[in-house]
Amino acid sequence: MEKQDHYSFFQGVERNFDKAAKFTRFEAGILEQIKECNSVYRMKFPVRIGDSIEVIEAYRVQHSHHKLPCKGGIRYSMDVNQDEVMALAALMTYKCAIVNVPFGGAKGGIRINPKKYTAFELEKITRRYASELVKKNFIGPGIDVPAPDYGTGGREMSWIVDTYASLKPGEVDAMACITGKPVTQGGVRGRTEATGLGIYYGVREAVSIAEDMDRLGLTTGIAGKKVIVQGMGNVGYHAAKFFYDNGAIIVGLAEYEGGIYNENGLNLYEVVDHRKSTGSILNFPGATNMPNGATTMEMPCDILIPAALENVINASNADRIQAKIIGEGANGPLTPEADEILNAKGAMIIPDMYLNAGGVTVSYFEWLKNLSHVRFGRMDKRFSENQNGSILNAVENLTGKRASDIERTQILHGPDEADLVYSGLEDTMISSYHEIREEWLRLERKVDMRTAAFVVAINKVGVSYEELGIFP
Ligand code: GLU
């Protein structure tokens, strides 16, 4: 693609793809097939809101069918449009490939401001959207499996699975038609915090490598690092929480009402309480109010986590960003222009399609749980505990020494669902980081980490298309 002044979100993704494609061995046709969105479903449907009828605009885009089902969230926002959903669906394809989740990419969106509607109205809109997806065969455990995204959560997922199940009576795997469900409705423990936790694991891995930190002039380790988080929704809040709980100093927090900054650190839990009682993060004792989220991101820090929407760092503010590490919690928070400016400044940009993949990784675990119809740990937890007890007793008898009560509890503990989900996520984030970093080193760091991540993703998707997806 030619260099141009302004890129739509989807064009930005295509541009990043093209930058990486030249480092892969695939022929032009395969690359084109990977890049394109396979199916775009735009719908309009009427919903009665109060006394009038509103025509709702919504989308589901399946970017790639190289592996099935397709996977990706559904967002409710007034910014939803076809280009945005296409870009987000494409990112899902690359994201799944990077973390070895065997799905194609998809995304959905409804163009509404969810704050404007009552729960009853949102339920009507959501159920109608779900039945439109069923009608066109755009949802199903082996077809396309949505999940939460910006503006949606467990509640919406429950409405969708219920609508799906009632239209497909007797389908034994119906629960697996969507992920991000509440645990009581077939969800998996750990899904709610998964994206934020994955961001933490990913950044922790990046800052553990002395060679890379030396180049940035930073020490290794999370403890003591100054962090700014933009967006206090599910992703931003949980990312901030895991950084805070592990010794990082949260110096800045930004939301749509504005931001707060304190170079000595903010107590995250007190900020959350303050926001609950006053309705805003502003005027938090000891912190400086910032006029808006954008200016908060420009304050001094080591690590900046934009965790809300796309394009928040762009040509107009990128040169004022001071962070040495930018961890993309959101999808597409940097425009291509901002990406260039920050790379030129020597910042390390940990790309969205790796860093926020914790959500879809745990969605994969949820889908597996639903298909197996059994909670993780149910079959083996007690067995492991009994085994561990026998081993410990044998060791105590042989050595004549006794483990302390704390040691005994730790050694005996058999894995429950949350343990398995957390460790599966941790392992995924660590090993995927190294896959990307190895590619980055192979390319002698001549490209940025996003390009290296794209190369990893294109290689995996390309092989699938070569081997399976093309009819003679
Ligand atoms: N909406 C999330 C994302 O952008 C999660 C998708 C999923 O779990 O399928 O990655």
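Both ligands and their constituent atoms are indexed starting at 1 by order of listing.
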task = Over 60° means perpendicular and under 30° means parallel, so classify the ring planes of Phe454 and Phe17, tilted if in between.
result =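 Answer is perpendicular, since the angle exceeds 60°.
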ask   = Would you call the rings of Tyr244 and Tyr269 parallel, tilted or perpendicular, where under 30° means parallel and over 60° means perpendicular?
value =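 Perpendicular.
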ask   = Do any N or O atoms from the side chain of Asn459 and from the backbone of Val455 form a donor-acceptor pair under 3.5 angstrom?
value =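 Indeed, once roles are kept as given, a pair shorter than 3.5 Å links the two residues.
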Strictly by salt bridge (charged side-chain N to carboxylate O under 4.0 Å, His left out), give each pair with a member in [range] just once, sequence neighbours left out.
range            : result
residues 187-202 : Arg189-Glu417
residues 78-96   : Arg75-Glu84
residues 105-115 : Lys107-Asp149

ask   = Tell me, which residues have any heavy atom less than 4.0 Å from some atom of ligand 1?
value = Lys71, Gly72, Gly73, Met92, Lys95, Lys107, Ala147, Pro148, Asp149, Arg191, Asn331, Gly359, Val360, Ser363
